[in-house]
K.L.:
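Right, I'll just put the structure down here and ask away after.
The structure presented is a predicted model; accordingly, all values stated were derived computationally and were not measured.
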There are 2 protein chains.
Amino acid sequence: MTASERSLRADARRNRESVLDAAGELFAQRGDGVQMDEIAERAGLGVGTLYRHFADKRALLAAIIGRRFEAMTGLASSAEALEDPWAAFEALLYGYLESAEPDAAFRFALLGPHEPTWGDIDEQKTAFSAIVERIVRRAVAAGRLRADFRADDFVLITRGAMANMAGSGNWRRHVALQLEGIRGGSPGDAPPDARSERPSEV
Amino acid sequence: MTASERSLRADARRNRESVLDAAGELFAQRGDGVQMDEIAERAGLGVGTLYRHFADKRALLAAIIGRRFEAMTGLASSAEALEDPWAAFEALLYGYLESAEPDAAFRFALLGPHEPTWGDIDEQKTAFSAIVERIVRRAVAAGRLRADFRADDFVLITRGAMANMAGSGNWRRHVALQLEGIRGGSPGDAPPDARSERPSEV
DNA sequence: GTAGATTCGGAACCGGAGTTCCGGTTCATC
DNA sequence: GATGAACCGGAACTCCGGTTCCGAATCTAC
């Protein structure tokens, strides 16, 4: 794609970027549901141009989602760089969720009734998962996460939190509750700093 | 509505019931997304008939959701009847979720991007909430739920669990994790039977 | 500066799904 | 069992939003 990116005419490349930006904002704001005309208008282009760059709406959405996943991977990387295993885990968890909060499209992609054929995003997702895996393992090894905690559980928890982002639900409270159930220290081995890691803002 | 139900012609009342049944099944199966024609066919009726009984698709869906909410209220009532406060809470929680699991429409109604004007279901929802409130309070008073647990948290938890019902997510595991974070016994006061209240399968 | 290819614009097209309409049918009543 | 009202059926209509198409505009190369 870098090659083909070079071979694009100057204006074409510029426009492609405009489309991506416009779509990114609108999708983030209102998820699927925005219509192609809106995106075109916001980008200052005609619909025809959108279709020159993306086969159809799905493809455009997929491109956007892919972009976000890259960002997530970056975020995960820098979380992994933290010394403290628990700090790394928390940075990952909250970083992930705080990124997801203002991005309806991302949440839609993960919560909606889809699963099959979400484009070629699977690679990106795999890269992300690999890092999550490592961070989780490290936190478990350090005894900061319960011994039977698995990377899949990260998905359960984030899915749950994201479901409480729409509307009035208070997802931070939810995460705080969940952390209690996840903390390390097998029965009898008192957890380091049990309550109040973050303000629970009722 | 009981009055108008009486005044319905015999076949009309029968058909109305057929519509409700057909719609109930299909909506439960595939949530919104089923189309009016399908419902009509499944009910063995013409589309026109649907519209004789329900103003539009929303109204039909709302009727279905309302029905489920009544069932939920009944379920909550019988949970409340249990002696043990914790048993009551668990019965409520698992009963609720097990009812929601096979009902895509219900989940859709609670998780989807809606909120405003979900028909006149609010009354039903209020009745349900009142019972939840009591059950939660009782469990808190008995020390089986953490002292700061509120009825709203029930919503957080169920929302989270339902988000893990679609696809491969294992919602029982998720609930089990969440219960750990919710259990009663303030710090220093060991929880009664900490782990493994239910088989955590996986 | 011009040729030729690439890209753009946006009106027109198209299919899908909710909704309407009215002639035909069924039910309740006398 | 006849009459009128209530109800049913489903083809046709409408609206909406994604997609196509092609003449016009723009860019790059010579």
Side-chain angles (χ1 to χ4, degrees), chain A residues 1 3-23 26-27 29-65 104-105 108 112-114 117-119, chain B residues 1 3-23 26-27 29-65 104-105 108 112-114 117-119:
Chain A
M1 184 163 274
S4 62
E5 211 166 64
R6 281 301 115 199
S7 68
L8 239 44
R9 224 170 70 176
D11 56 340
R13 189 159 54 251
R14 204 183 320 128
N15 287 336
R16 184 188 165 83
E17 215 51 39
S18 299
V19 172
L20 243 19
D21 287 346
L26 289 178
F27 279 142
Q29 227 160 70
R30 319 212 307 271
D32 173 321
V34 291
Q35 45 210 81
M36 297 303 266
D37 292 11
E38 292 184 84
I39 297 174
E41 188 179 22
R42 154 87 73 137
L45 299 168
V47 257
T49 306
L50 302 209
Y51 284 93
R52 163 159 298 277
H53 292 291
F54 300 93
D56 53 20
K57 194 180 183 181
R58 281 187 73 81
L60 179 52
L61 222 189
I64 298 296
I65 303 292
F108 171 78
H114 297 286
T117 59
W118 238 137
Chain B
M1 184 165 271
S4 60
E5 209 164 67
R6 282 302 115 200
S7 67
L8 238 45
R9 223 171 70 176
D11 57 340
R13 189 159 54 251
R14 204 182 322 128
N15 287 337
R16 183 189 165 85
E17 215 51 39
S18 299
V19 172
L20 243 20
D21 287 346
L26 288 178
F27 279 143
Q29 226 160 73
R30 319 212 309 270
D32 174 325
V34 290
Q35 42 209 84
M36 297 302 267
D37 292 12
E38 290 184 86
I39 297 173
E41 187 179 22
R42 154 88 73 138
L45 299 168
V47 256
T49 306
L50 303 208
Y51 285 92
R52 164 161 298 277
H53 292 290
F54 301 94
D56 54 20
K57 194 181 182 180
R58 282 188 72 81
L60 179 51
L61 221 189
I64 297 297
I65 304 291
F108 171 78
H114 297 285
T117 57
W118 237 136

K.L.:
Rounded to the Å, how far apart are B:R16 CZ and C:dC27 C1'?
P.N.:
19 Å

K.L.:
Between D:dT20, C:dC8, D:dC7, which nucleotide has the shortest distance from any of its atoms to the side chain of A:Y51?
P.N.:
D:dT20

K.L.:
Select from A:L45 and B:G33 the residue whose nearest nucleotide in DNA chain C is closer to the 5' end of that strand.
P.N.:
A:L45

K.L.:
For B:M36 and D:dA11, give me the distance from atom CE to atom P, rounded to whole Å.
P.N.:
17 Å

K.L.:
Tell me the closest heavy-atom pair linking B:H53 and B:N15, and the distance in Å.
P.N.:
NE2-CB, 4.3 Å

K.L.:
Any side-chain N or O of A:N15 less than 4.0 Å from the OP1 or OP2 oxygen of C:dC8?
P.N.:
yes

K.L.:
Nearest 0.5 angstrom please: B:S18 OG to B:I39 CD1, how far?
P.N.:
13.0 Å

K.L.:
Please give, in whole Å, the distance from C:dT19 P to B:D56 CG?
P.N.:
5 Å

K.L.:
Specify the separation, in whole Å, of atom CG of B:D32 and atom P of C:dA17.
P.N.:
11 Å

K.L.:
Taking OP1 and OP2 of D:dG9, is either one under 4.0 Å from a side-chain nitrogen or oxygen of B:T49?
P.N.:
yes

K.L.:
Nearest of D:dC8, C:dT7, D:dG18 to any side-chain atom of B:H53?
P.N.:
D:dC8

K.L.:
Of all the choices, C:dT19, D:dC7, C:dC8, which nucleotide is nearest to the side chain of B:R52 once you look at every atom?
P.N.:
D:dC7

K.L.:
Consider the side chain of A:V47, meaning its heavy atoms from C-beta on, and name the nucleotide among D:dT28, C:dG10, C:dA17 that approaches it most closely.
P.N.:
C:dG10

K.L.:
Over how many whole Å does the gap from B:F54 atom CZ to C:dG18 atom C1' extend?
P.N.:
16 Å

K.L.:
Can we say A:D11 and A:R9 salt-bridge, meaning some charged N sits less than 4.0 Å from an Asp/Glu carboxylate O?
P.N.:
yes

K.L.:
Rounded to whole angstroms, how far apart are CG on B:L61 and C1' on C:dG18?
P.N.:
13 Å

K.L.:
Using whole Å, report how far CG of B:D37 lies from P of C:dG15.
P.N.:
18 Å

K.L.:
Looking only at side-chain atoms of A:R9, point me to the closest of D:dT19, C:dA5, C:dT19.
P.N.:
C:dA5

K.L.:
Of all the nucleotides listed (D:dT28, C:dT7, C:dC27), which has the minimum atom distance to the side chain of A:A10?
P.N.:
D:dT28

K.L.:
If you assign each of A:G44 and B:A55 to its closest nucleotide in DNA chain C, which residue comes earlier from the 5' end?
P.N.:
A:G44

K.L.:
Between CG of B:L26 and CG of B:D32, what distance do you get to the nearest 0.5 Å?
P.N.:
12.0 Å

K.L.:
When the distance from CG of A:L50 to C1' of D:dT20 is rounded to whole Å, what number comes out?
P.N.:
13 Å

K.L.:
Considering all heavy atoms of both residues, which atom of B:R16 and which atom of B:L8 are nearest to each other, and what is their separation?
P.N.:
CD-CD2, 4.2 Å

